[in-house]
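We count ligands from 1, going down the list as the structure has it; atoms in each ligand are counted the same way. We count residues from 1, following the sequence as given.
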Amino acid sequence: MRVFKFGGASVKDADGIKNVYDVLQKVGYEDVILVVSAMGKTTNALEVVIKNYFDKSAELNSSVQEIKKYHNQILLDLFDDENHAVFGAVNAQFEELEYFLAHNKSPNYNFVYDQVVSFGELISTNILSHYMNFRGIQTQWLDVRNFIKTDATYRDAEVDWEATQQLISKNVPRKILNITQGFLGADENNFTTTLGREGSDYTAGIFAYCLNAESVTIWKDVPGVMNADPRYFENASLLNQISYREAIELAFYGATVIHPKTLQPLQKKEIPLYVKSFINPLLKGTCVSKGVDLEPQYPCFIVKREQLLISLSSIDFSFIMEENISEIFGLFHEFKIKVNLIQNSAISFSVCVEDKFGNFNELNAILSKKFKVEYSENVTLYTIRHFTEQAAETVEKNKEVLLKQVSRETMQIVTKELN
Ligand code: ADP
Ligand code: ASP
Ligand code: MG
């Protein structure tokens with residue numbers, strides 16, 4: 001069996017969905033399971049709905065209507081006949097969402113989040129499945145919540161591998177095109193859970209592992225894994241082959257083309273992962289598998305913007321030792337601040353962090369009681385795997401370098417734009 005994953009960008013409009021059909025015609029669809037994300041930016045739009053819901057905002061209804069309108073336009077572009085069953089089916093899903101919002105009593109934000117965002121994937125797969133049938137490809141729509149079982153950590157659920165393995169290997173039909181949702185799972189009580197933002201790649205990895213699949217292909221708007229994000233580097237080049245380990249490193253440092261959790265299950269069973277262009281599906285793309293680390297051997301660049309560089313030093317010139325460091329990390333964890341780089345000397349300790357939830361001021365107040373705290377906002381963290389002098393120069397050009405750290409294969413540079 002082959003597992004294909006189509007992300008939000010590939011199904012963002014009617015042309016995207018028609019293109020999925022074309023891709024399947026070209027590469028075959030027997031004995032395949034399609035894992036599909038919500039269309040375009042639907043998950044972000046549903047996050048706005050959730051915010052409006054908890055804020056008791058007057059915009060709640062209009063934020064739902066906007067998402068409805070977006071999907072309805074796609075349906076009108078795909079199906080000529082407004083009496084086609086898909087219109088009623090999608091409408092029923094929106095009614096279910098509205099019913100939930102009107103009747104929910106749970107004050108648990110994360111729980112509500114998962115029950116609501118999941119409609120993105122449930123609706124996209126419903127539309128895709130109807131469209132494939134309409135074009136003559138017989139499909140089996142699967143509710144992924146009957147297959148992927150998780151704990152009840154809403155928004156970041158942990159997979160129960162044993163239960164999931166059993167359900168998938170027993171119940172996924174073969175010799176047909178299956179369509180299911182990425183990103184979602186269900187807990188013990190059958191409430192919907194999610195695997196973390198961008199988690200659909202991971203879903204593909206889970207199915208592949210449990211099915212002993214022949215391969216996984218994630219279809220992207222780029223030719224494959226490149227040595228840098230082409231949005232930020234004009235000269236980004238395609239990598240033909242990378243090892244699981246290299247892919248894990250790239251994803252870990254922030255190459256957003258593959259979700260970091262996807263690779264481990266595949267590596268365990270040596271299932272190859274292809275990253276290919278949904279625009280040119282017959283091109284080779286990138287193969288992630290056992291074998292050479294990187295081919296060709298280009299330096300690889302990863303950029304993280306809007307970082308915060310914090311330096312802590314002891315007020316009394318005492319050393320920063322294990323107990324301070326563990327306390328500092330405990331606080332970062334508590335304030336949900338993600339640490340991307342660490343450097344320490346005898347009396348100072350620097351970290352480059354991401355403050356996604358805007359908690360730094362609160363944390364700073366606590367840290368300042370014990371340490372001298374200095375920080376630079378809005379800095380950029382560059383990671384260069386397999387760095388060369390020339391690669392470092394490109395990054396440093398016209399920028400102020402605030403910190404640099406070098407290990408055998410990886411160079412990290414924190415910079416500030418010169419005004
Ligand atoms: P999906 O629709 O599957 O969610 P994403 O938008 O998450 O797809 O991922 C594809 C994007 O990842 C590309 O458009 C590209 O801008 C970005 N990207 C980041 N790093 C890389 C890289 N090293 N190689 C290719 N693309 C990358
Ligand atoms: N739709 C989800 C998200 O946008 C999952 C995914 O696309 O991978 O995060
Ligand atoms: Mg994505």
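- No N or O atom of P230 sits closer than 3.5 Å to an N or O atom of ligand 1.
- Of all the heavy atoms of D221, the ones lying under 4.0 Å from any atom of ligand 1 belong exclusively to the side chain.
- By the 4.5 Å heavy-atom criterion applied to side chains, I17 and M39 are counted as neighbours.
- Close approach of ligand 1 to G8 (heavy-atom distance below 4.0 Å) involves ligand atoms 2 (O).
- Judged by the 6.0 Å and 45° rule, R305 forms a cation-pi pair with Y232.
- Ion pairing between E396 and K404 holds under the 4.0 Å rule for side-chain N and carboxylate O.
- Checking side-chain atoms of D114 against main-chain N and O of T194 turns up a donor-acceptor pair under 3.5 Å.
- No side-chain donor-acceptor contact under 3.5 Å links T139 to the backbone of W141.
- No heavy atom of S37 sits closer than 4.0 Å to any atom of ligand 1.
- Counting protein heavy atoms under 4.0 angstrom from atom 1 (P) of ligand 1 gives one or more.
- The protein atom (non-hydrogen) at minimum distance from atom 8 (O) of ligand 1 is K220 NZ, 3.1 Å.
- Between the side chain of S243 and the main chain of G291, no donor-acceptor pair closer than 3.5 Å is present.
- Within the cation-pi definition used here (under 6.0 Å to the ring centroid, within 45° of the axis), K18 does not qualify as a partner of Y21.
- Here is the list of ligand 1 atoms found below 4.0 Å of a heavy atom in A9: 2 (O).
- Checked against the Mg ion (ligand 3), the N, O or S atom of E198 at the shortest distance is OE1.
- Side-chain atoms of E306 and N378 include no donor-acceptor pair closer than 3.5 Å.
- Under the side-chain contact (heavy atoms from CB on, under 4.5 Å) test applied with E59, the options V64, N52, V49, V48 reduce to a single match, N52.
- Side-chain atoms of S57 do not come within 3.5 Å of backbone N or O of Y53 as any donor-acceptor pair.
- Within the listing of ligand 1, atoms 24 (N), 25 (C) sit less than 4.0 angstrom from a heavy atom of G224.
- Using cut-offs of 30° and 60° on the angle between ring planes, the pair H84 and H130 is perpendicular.
- For ligand 1, the atoms closer than 4.0 angstrom to any heavy atom of T256 are 12 (O), 17 (C), 18 (N), 19 (C), 20 (N).
- Nearest to atom 4 (O) of ligand 1 among the protein's heavy atoms is E198 OE1, 3.5 Å.
- Less than 6.0 angstrom separates the ring centroid of F360 from the ring centroid of Y375.
- Of the residues N44, T42, L46, the one that meets the side-chain contact (heavy atoms from CB on, under 4.5 Å) test with V117 is L46.
- Considering backbone and side-chain N/O atoms, D229 comes within less than 3.5 Å of an N/O atom of ligand 1.
- Residue-ligand proximity: C300 is placed with every non-hydrogen atom at 4.0 Å or more from ligand 1.
- At under 3.5 Å, a nitrogen or oxygen of K5, whether backbone or side chain, sits near a nitrogen or oxygen of ligand 1.
- Residue R231 has at least one heavy-atom neighbour below 4.0 Å for each of these atoms of ligand 1: 16 (O), 17 (C).
- At a heavy-atom cutoff of 4.0 Å, ligand 1 is contacted by both the backbone and the side chain of M226.
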Identify all pairs of nitrogen or oxygen atoms, one from ligand 2 and one from the protein, separated by less than 3.5 Å, and list them with distances.
| unit_1 | atom_1 | unit_2 | atom_2 | d |
| --- | --- | --- | --- | --- |
| ligand 2 | 1 (N) | T43 | OG1 | 2.7 |
| ligand 2 | 1 (N) | E121 | OE2 | 2.7 |
| ligand 2 | 4 (O) | T43 | OG1 | 3.3 |
| ligand 2 | 4 (O) | R197 | NH2 | 2.9 |
| ligand 2 | 7 (O) | S37 | OG | 3.2 |
| ligand 2 | 8 (O) | E198 | O | 3.4 |
| ligand 2 | 8 (O) | G199 | N | 3.3 |
| ligand 2 | 8 (O) | S200 | N | 3.0 |
| ligand 2 | 8 (O) | S200 | OG | 3.0 |
| ligand 2 | 9 (O) | R197 | NE | 2.5 |
| ligand 2 | 9 (O) | R197 | NH2 | 3.4 |
| ligand 2 | 9 (O) | E198 | N | 2.8 |

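- Taking the six-membered ring where tryptophan is involved, the planes of F79 and Y131 are perpendicular, since the angle between them exceeds 60° and thus also 30°.
- Nearest protein neighbour of atom 27 (C) of ligand 1, counting heavy atoms only, is V257 CB, 3.5 Å.
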